[in-house]
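For reference, the structure I am asking about is given below.
For the numbers below, each heavy atom of this structure counts, side chains included, while hydrogens, waters and symmetry mates do not. Here, residue 1 is the first one in the sequence, and each next residue gets the next number.
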Amino acid sequence: MSCFDKLREGSTGWPAKVLFFLIAASFVIAGVGSYLIPDRNLDPAKVNDVKIPEHELENQVRREKAMLERQFGKQFFEKQMAVDPQFNNKFKASILEKLINDEALAQHIKKVGIDIPASLVKAKIMSMPEFMVDGKFSQEQYEKVLSMYGYMTGEVFGETLRNNMSRETYLRPVIDGEFALPGEVQYLTDVITEKRTYSRVDVDFSKFKSNDPVSEKEISDYYEQNKDKYLVADKVKFSYIYLTSDDVKSDVHYTDADLTGFFNLHSEIYTIPEKREISHILLTGDDAMAKAAEIKAKIDSGEDFAALAKQYSEDKDSAANGGKLPAFSSGNQDSSIDKATFALEKVGDVSDPVESQYGVHIIKLNAIIPQSAKTFEDSKEDVIKRYVKQQSKEVFLDKRQIVADISFEDPDSLDRAAKMANESDKEHPSDNVKVQVYDYLASDAKDLKFPFTENEVKTKLFDKELRESGVNSDVIELGQDAFIVVHIEDYVPKTPKKLEDVKNEIIADIAANRAAKNAESYVNDLLSKISKGESLDSEKAAGKITISEPKTIDRLNNDVDETVSKNVFEMARAPEGKVSFGKYSDADGKSYLLILSKVEKVDEKDASRDEFLNKQVFEFNAKNDNELVERASRGQAKVEYNRTKEYLKLSDSKSEEL
């Protein structure tokens, strides 16, 4: 289980915040499969001659991205790319390293003779709460969860689970020997419970705007030096196959025998279950049960139920009609009402008082509507609809596999992949799988339609490696019922805009730079004053700065911006009677100052917190042991890299090249 999984499990309260403070991000890594790649070498790495296929790396990257976007929002990767344009490549390279480590350890574990039987893997899957509905394993829930986390098949997930179980079995003796020292727990307690008092100094940058004119030479020089800031976005022309399960509904062909077989197999869908019609008297309040007992006694003595309902029931809508409710089948009412209703044996029977989420009820059985079944003819339209929907998913998966296989075997074009998918049913060839052409998509394009709104698709379209290799992309999954494959036809790089088109932007940028330079100089002067112990009151009075009131926060429970809080707790403690201070930048790049005036150590006892920290120290130590074993198995393995991969060109690994 990754750290992010732990954070999701404890998403509220101070334990979750402790985890954020304690745990560095890591990745959940699936087992490594194998795939034979003809001719063209697309594998990113090998471990002892066992290939780590590109498609497995892509799938794992997809799973990790989905996990991080669920945790931190859909814009997570866009924000990271804004800070570091190479973030995607670095991220992918880090996932590859994890896969390499996993494969090296898996090979080592296999060599020492640990092998988990398929029966144990199956039993584990059947017992996992993620796949259960109402306490029982659900195949539908199982498939839904696997799809959510990017596993194309149960076999892939099963192999991943088998590897994890083997790993756990191998590492268990080491981990069980770990323990947490009291000093470790006390240190963490002191750090976590610490309180700090600070003030924030913000500069009014509008005070530093320059009204000096900008010369033509300045504009020209600035343009030449900063052409990369004023670019027409790059764009790409590409062909693609985009297919959904709805697109292939017309490829589903059937006979009456197919439909009657489906009808008989799913007879429960076309059976109308027994229904019961009741009247009830609803009472609420602390004395509801006592009142209900009195009314039940009146009913037992022969008084009319409908009249009593009109007199006493607090369900005014039904009370006006003698307490009558619409007929319902089992499972479609509050569980207490449902159980009491279907326990009554004869029409006219009245229940004892029953407590539900709404209050206390007395229930009278008015009618039993027996179970009935629809005929095939009455249900035929619905049968066709359901049959086509079911079969279209199978047709979709078949065509998806054909497109994946053929677009890989014939990587220079998508035409043959579409042709083979359309001709997969020899008796009923179709043209639903189409190769379409997008005539230039700009990287900064807005208002796109699905699937080009998806980050994964856009990233692939502007992937330098895919463009330079001239091959089809892998299948990009878009949920359970859609996919896309792309082939880059042409690429137009970014080009500088004409000076006359960006002149006003340049003037504004020069003015902003002047103001920022003046403000930065001023901020440095403020730092100098603080370091000398001088007051900033005169600067505040002049309206150039604002100084917040001193604010005391603790590390785990505060309403302060996360970055500010982090900066406050990273500041060094100052000697007694002094302050600590520092210069920082906000999201817009504007400087502000933090002045730390007080640090308090909170000595409070909390058994549950200490128990939690003790567990975290144990898990950290166990994680370190795990990493030591990983490094040892990695050190014994022969790892080879394919340095043609763009994301591996940044790597400084000394391992051999493929």
- When you check the gap from the basic side-chain N to the acidic O, do R514 and E218 get nearer than 4.0 Å?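 Counted as a salt bridge, because a side-chain N and a carboxylate O are separated by less than 4.0 Å.
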- Residue K229 excluded, over 12 heavy atoms near NZ under 6.0 Å: yes
- Taking all non-hydrogen atoms of both residues into account, name the closest pair between P44 and I52 and its distance. CD-O, 2.9 Å
- Task: Please collect all ring pair (Phe, Tyr, Trp, His ring centres under 6.0 Å) contacts where either partner lies in residues 512-554, sequence neighbours excluded, each pair once.
- Result: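 Those involving residues 512-554 are F208-Y522.
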- Among K601, R555, K598, which residue meets the salt bridge (charged side-chain N to carboxylate O under 4.0 Å, His left out) test with E194?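 Per the salt bridge (charged side-chain N to carboxylate O under 4.0 Å, His left out) rule, the option paired with E194 is R555, out of K601, R555, K598.
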- Task: For atom CD of E355, decide whether the heavy atoms of other residues, nucleotides or ligands shown that lie under 6.0 angstrom number more than 12.
- Result: no
- Results of salt bridge (Lys or Arg N to Asp or Glu O under 4.0 Å) for E549 - residues two or more places apart only: none
- Message: Please tell me whether Y222 and N513 have a donor and an acceptor in their side chains that are separated by less than 3.5 angstrom.
- Response: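 Per modelled atom types, Y222 and N513 side chains form a pair under 3.5 Å.
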- Message: We want to know whether E56 and Q60 form a side-chain donor-acceptor pair, criterion being a heavy-atom distance below 3.5 angstrom.
- Response: no
- Does K503 NZ have over 12 foreign heavy atoms under 6.0 Å away?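 No, not enclosed.
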- For residues Y230 and D509, is any side-chain donor paired with an opposing acceptor at under 3.5 Å?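 Yes, D509 and Y230 have a side-chain donor paired with an acceptor closer than 3.5 Å.
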- Message: Looking at K494, I want to see if its NZ is surrounded by more than 12 non-hydrogen atoms of other residues, nucleotides or ligands under 6.0 Å.
- Response: no
- Query: Which heavy atom in M571 sits nearest to a heavy atom in F581, and how many Å separate them?
  - Reply: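 Scanning both residues, the minimum pair turns out to be CE-CA, 3.4 Å.
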- Here the side chain to side chain donor-acceptor pair (under 3.5 Å) pairs for residues 527-538, sequence neighbours left out, are K529-E539, S535-D537
- Message: Could you check whether N518 and K209, counting side-chain N and O atoms only, form a donor-acceptor pair closer than 3.5 Å?
- Response: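 Judged by distance alone, the side chains do not pair up.
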- Item | Closest approach of F462 to L441 (non-hydrogen atoms, all atoms of both residues) | CZ-O, 3.3 Å
- Apply salt bridge (Lys or Arg N to Asp or Glu O under 4.0 Å) to D202 and R200, showing your working. CA-CA 6 Å; D202 283 290; R200 174 170 171 162; 2.9 Å; yes
- Taking every heavy atom of I219 against every heavy atom of I507, the minimum-distance pair comes out as CD1-CG1, 3.7 Å
- Item | Check: F157 ring centroid to F131 ring centroid under 6.0 Å | yes
- Query: When you look at CG of D444, are more than 12 heavy atoms from neighbouring residues, nucleotides or ligands closer to it than 6.0 Å?
  - Reply: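 Count over threshold, so yes.
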